[in-house]
Every structure is written in C-alpha cells, then in structure tokens.
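Structure first, commentary second.
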2 protein chains.
Amino acid sequence: MEQYTVNQLAKLASVSVRTLHHYDQIGLLKPGERKRSGYRYYGESELYRLQQILFYRELDFPLEEIRLLLDDPRFNRETALLFHREKLQQRQRRLQVLLHTLDETLHQLKKEEKMSNYDMLYKGFRKEKVQALESEVAEKYGAATLDETKTRLNSLDKATVLALQKEGDEINLALSKLMHLQADDPRVQEWVKKHHQYTTSFYPADLTVYRAWAQLYVEDERFKATYDKVKPGLAAFLSKAMLVYCLRV
Amino acid sequence: MEQYTVNQLAKLASVSVRTLHHYDQIGLLKPGERKRSGYRYYGESELYRLQQILFYRELDFPLEEIRLLLDDPRFNRETALLFHREKLQQRQRRLQVLLHTLDETLHQLKKEEKMSNYDMLYKGFRKEKVQALESEVAEKYGAATLDETKTRLNSLDKATVLALQKEGDEINLALSKLMHLQADDPRVQEWVKKHHQYTTSFYPADLTVYRAWAQLYVEDERFKATYDKVKPGLAAFLSKAMLVYCLRV
DNA sequence: TAAAACTATCACGTAAGGTGAGAGTCAAGC
DNA sequence: GCTTGACTCTCACCTTACGTGATAGTTTTA
C-alpha cells in the first residue's frame, strides 16, 4: 500500500500543499495515517476521494457542500462521475457559445458595424443553470413579438449556417485546384491556413491536434471519402499539406 | 445613445448589481454618466468594456490586472479578443482531457481494476498555463519519453475525434430505427435531445437556431442527402422531431 | 552527524463579491 | 399632486478558499 506525503500528493494532483492542509483542517480530506511526528500520509482511498473533490471543485461546488456529498452514506462514485460528465459537457457547450459570441464580436468589429442587439455581447457568460430561458423572453416581449422575432432570426440563422457550409466547400474546392502544386507551395499553405481557422471554429484544434487530424485524413475511411469525393487524391494531398503547415508555424 | 441602469446592465450581462458597484469602486468600470441623484448610467462604450472584463474574468485574471490591461494605451480590442479565443480553446482542450480522465476512471471502476498509475486520476485538473510545459516534461523524463508522450497524446486526439464521429453515427442510427414512431414520442424526443447537444458541441445552437436548422434538413439538398443516406426519409422525420422538440422545451 | 529539504502549527492577509441596513429616487396610477 | 412599490445609493461587516510568512520539529542525503 503506497503512501504519499503532502508534497508528493500535491504534485501528483497539481494542488498546493496548503490546499491539502486546508482540506484536512475543514475535514474534507483527512490523511489515512498520521505518524507520531505529525506528518500526513495519504493512501489509495484518499487519492480517489481527492479526485472526486477536484471534480466537484472544477464545477464550482463549495467545499462544505462537497464534504456533505462525499460523506453522505448514499454517495456512489459511479453516479457522481456520470454527473460530472454531464456537467463538464455542459460547460464545454457553454464555452462553445462563448467562442461564438467572441467570433461574432470580432466580425462586427471588423465591419465597424453597430450592434443591433447588445444582448449578443454577453451570450455564454452566465454560468450554467439554464432552466427558464425561453419563458423569460416570452414574458419580456409578449408572445406576438416572439413569433416575429423568431421567424426573422430564423432566416438569418439559416443563412449563417449555409454560409458556413459554403465556406467549407470553397476551401475544399480551392485546394482541389491546387493539387498539381507542391504541398509546401505558399498558395497551398495559404488555403491550409484558412482550413485550419475554419476547423477551429468547430473544434478546438491547436497545432498538435491539427496534426493528429492530418493523419486521420488518410487513415480513416470516413474522412478520406469525404475529401476524395471533391476530387480523388485530395485527402492525401491535404493531409500532407496540413503536416507541412504544422511544421512551418 | 442608449443608457442602462445598474439593474438593466446587470441583467443583460448576467452579473449582479453588487458586481457593478464593486467594479465602479475599484475603478474597473465606471458609469458613463452619473445623475445628480447619484444613479449610475452606462452607455455603449461601457458595454464593450464590460464584455472585455468578463472575457478576462472567465480566464481567471484578477480584476486589478484587467484594469491595468484595459487602461493601457496600447490596449487593442481585436488583439485582446484573439487572445481570449486562444485561451478559451485551450480551456476547451483541458476539459476534453478531463473528460477523458473521467471516462478512464469510470472504465477502471467497472472493471474493478487497480490503477497501474495513479497519475492518471488527475490529468486535466491543472489550470492552463502551459507555456513551459514541453520543456518541463523534457527536463523531467528526458527527450525519449517526450516523444512517447507526444504520440500518445496524438492518438488521444485522434480517438477523440473518432469518438465524436461515432457518437453522431449512433444518434443517427438510433433515430433511423425509431422512424415508425410519432415525432413527439418520448423515445424519439430523447434522442433528439442528444442530437441537439451533439450539434451544440460544434455550433452553439440555441432553440431558435436549432429550429431554423430543422427547416434546413428538408429545404437544403446537402443536409437532406446526408441524413437520407442513413435511411431514406430520415431527414424529414428528424426535421419534424426537431421542431416538436423546440416547441416542447 | 550536519546540512538540506520537508513538514507542522499558528496566524494574519486577500480577492471578489454577498448580505443586510438605512435613506434617497423614480415611474405609475389615482 | 401624492402615494406606493420598485429601484438605487452608500456604508460596513461577512465569507470562501486558500496565500504567505514565522517559527519549530523531522527526515533524508552527503
């Protein structure tokens, strides 16, 4: 049975020693054993408990509440993990909204346009609670305006989505026409850059992820098919060009 | 020029009135105007400033530092937004790792297996600072292990993307098998909810956007083709079910 | 066996607001 | 014009989750 000192555990879990002291003090995480010297030693079950604590903390639960939850005899680790999973995914979606808000703001900034609706500036900041949302809008503006607003937004939203799709098509098309060039040709790389930016608006791909992706374009049938449908050989070509791009930047 | 009272701005930006008072007090966000009554009124430029503040706050910047940044004459809104973008994506990736850690833990829990390496319990908890990461790892374990780590991460990224794709496939498949039911059947709606969450992880579709999307599934050939390829008629079925979903929630 | 490296317990400090209390202000309806 | 309910103001003390020493004992390493 392995034993960890404060320092060792702190490093392992990326928390400070003070944090462990604190958790001991408030009875949230007590060491499995205390030598007569007073030193704290943590064992396996403490490691699991700490993981749980950190998951809850990540979700902004107050420590006192975490303690109550973990000490409740009805506590079940698997249920808790599934709960965390749900909430973390929720947070991911919130971040996605936030990124979208950011891109919209950037877009308006470039066009030097005035906002029609300042509301847009703040979408995604509210910490996840989500419940009564639609009803609030209805209350605010009345049902009639709601419908009108809805249909107007409707066509705008459709246009946005279609535009996004079109942008993707354009990038693919442009690249397919450059397949006679070398992968490291500036004209190719320019479009790869666009491709990279385009993909990051959907998926958080930094260069390492993007690089992993490049491999998928040739390894995975689904990816390969999608691109080769535009023009046979595009998948392999793009994959190579992406790798070059990653190395260059 | 529109003017917002504390309450109005607080609601708009999902912060508390107290927070606005506090920001005024520390000189982070001063109202554009103060009536003789002492009431605070905020104008357009304050709205933008608040957005910036919230982005920085989301990234755990201390308020004092935010103030210094925003008041620096070299401050540029576009540069700042691009910085936020980078960091938010970094956080998304951290959450991704955290979810992976969670799934691994769940997996081990079910198999009732012992962990070979407790280190795994805590991947993704460390808040992003990241700069000197590679160098740190290299220092610690030597260059050889670094490469290994890289390829492992690589495969994790690939696995994540493939898992995402698989999730999409599963949802489509499940729905295609429920086409004999009514669109408002709970079993159908359950999967529509998953579909909605799934799409949101790529593109933040609130209910109005999702509704617009529903129409695209029948109006736009590209969308239609994608779904009808799974099973003819799925596009229309899903479209209807999505509309029901939007009205129900 | 001494130095270097940890660890322990106070104890006070801090950031970002929460939570009233007491008093002035504004908009609407009568 | 007056009342009433909903806002708003300032002060001031409270809270959470640790950070940051100070001082003193313990373990490990040379």
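Keep in mind it's a predicted model, so treat the numbers as computed, not measured.
Checked against a 6.0 Å centroid threshold, the rings of H195(B) and Y245(B) do not count as neighbours. Ring-centre distance between F55(A) and F83(A): not below the 6.0 Å cut-off.
For H22(A), the side-chain atoms get nearest to dA17(D) when compared with the rest of dG19(D), dT8(D), dA17(D). Proximity note for H21(B) (side chain, C-beta onward) versus dC18(D), dC7(D), dT10(D): the nearest is dT10(D). Nearest nucleotide to the side chain of Y39(A), out of dT8(D), dT27(D), dT10(D): dT27(D).
Along DNA chain C, the nucleotide nearest R18(A) and the nucleotide nearest S37(B) are compared for position; the residue whose nucleotide lies closer to the 5' end is R18(A). Across the interface with DNA chain D, nearest-nucleotide mapping of T5(B) and S16(A) shows T5(B) to be the residue nearer the 5′ end. Nucleotides of DNA chain C nearest to K35(B) and V17(A) differ in position, and the one nearer the 5' end is that of V17(A).
Atom-to-atom, CD of Q25(A) to P of dA17(D) comes out at 13 Å; the value is rounded to the nearest Å. Following rounding to the nearest Å, K127(B) (NZ) and dC18(D) (P) show an atom-to-atom distance of 11 Å. Protein atom CG of D24(B) is 12 Å distant from nucleotide atom P of dC11(D), rounded to whole Å. Following rounding to the nearest Å, L29(A) (CG) and dC18(D) (P) show an atom-to-atom distance of 12 Å. Atoms CZ (R67(A)) and P (dA17(D)) sit 12 Å apart, rounded to a whole Å. With rounding to whole Å, Y42(B) atom OH is found 10 Å from dT8(D) atom P. The CD1 atom of I26(A) sits 8 Å away from the P atom of dC18(D) (whole-angstrom rounding). For R34(A) and dT26(D), the CZ to C1' distance is 14 Å, given to the nearest whole Å.
For Y122(A) against L50(B), the heavy-atom pair with the smallest separation is OH-CB, 3.6 Å. Across all their heavy atoms, R94(A) and F125(A) have their closest contact at NH1-O, 3.7 Å.
A close approach under 4.0 Å does not occur between any side-chain nitrogen or oxygen of Y23(A) and OP1 or OP2 of dA17(D). Between R57(A) and dC18(D), a side-chain N or O to OP1/OP2 separation shorter than 4.0 Å is present.
Using a 4.0 Å heavy-atom criterion, one finds that R36(A) contacts no nucleic acid atom at all.
Side-chain contact check for L20(B) versus L29(B): some heavy-atom pair is nearer than 4.5 Å. With a 4.5 Å cut-off on side-chain heavy atoms, K111(A) and L106(A) do not count as touching.
A donor-acceptor distance shorter than 3.5 angstrom exists from the side chain of Q8(B) to the backbone of T5(B), with no hydrogens or angles considered.
Protein chain A contacts DNA chain C over a range whose 5' and 3' limits, counting nucleotides with an atom under 4.0 angstrom from a non-hydrogen atom, are dC6(C) to dA11(C).
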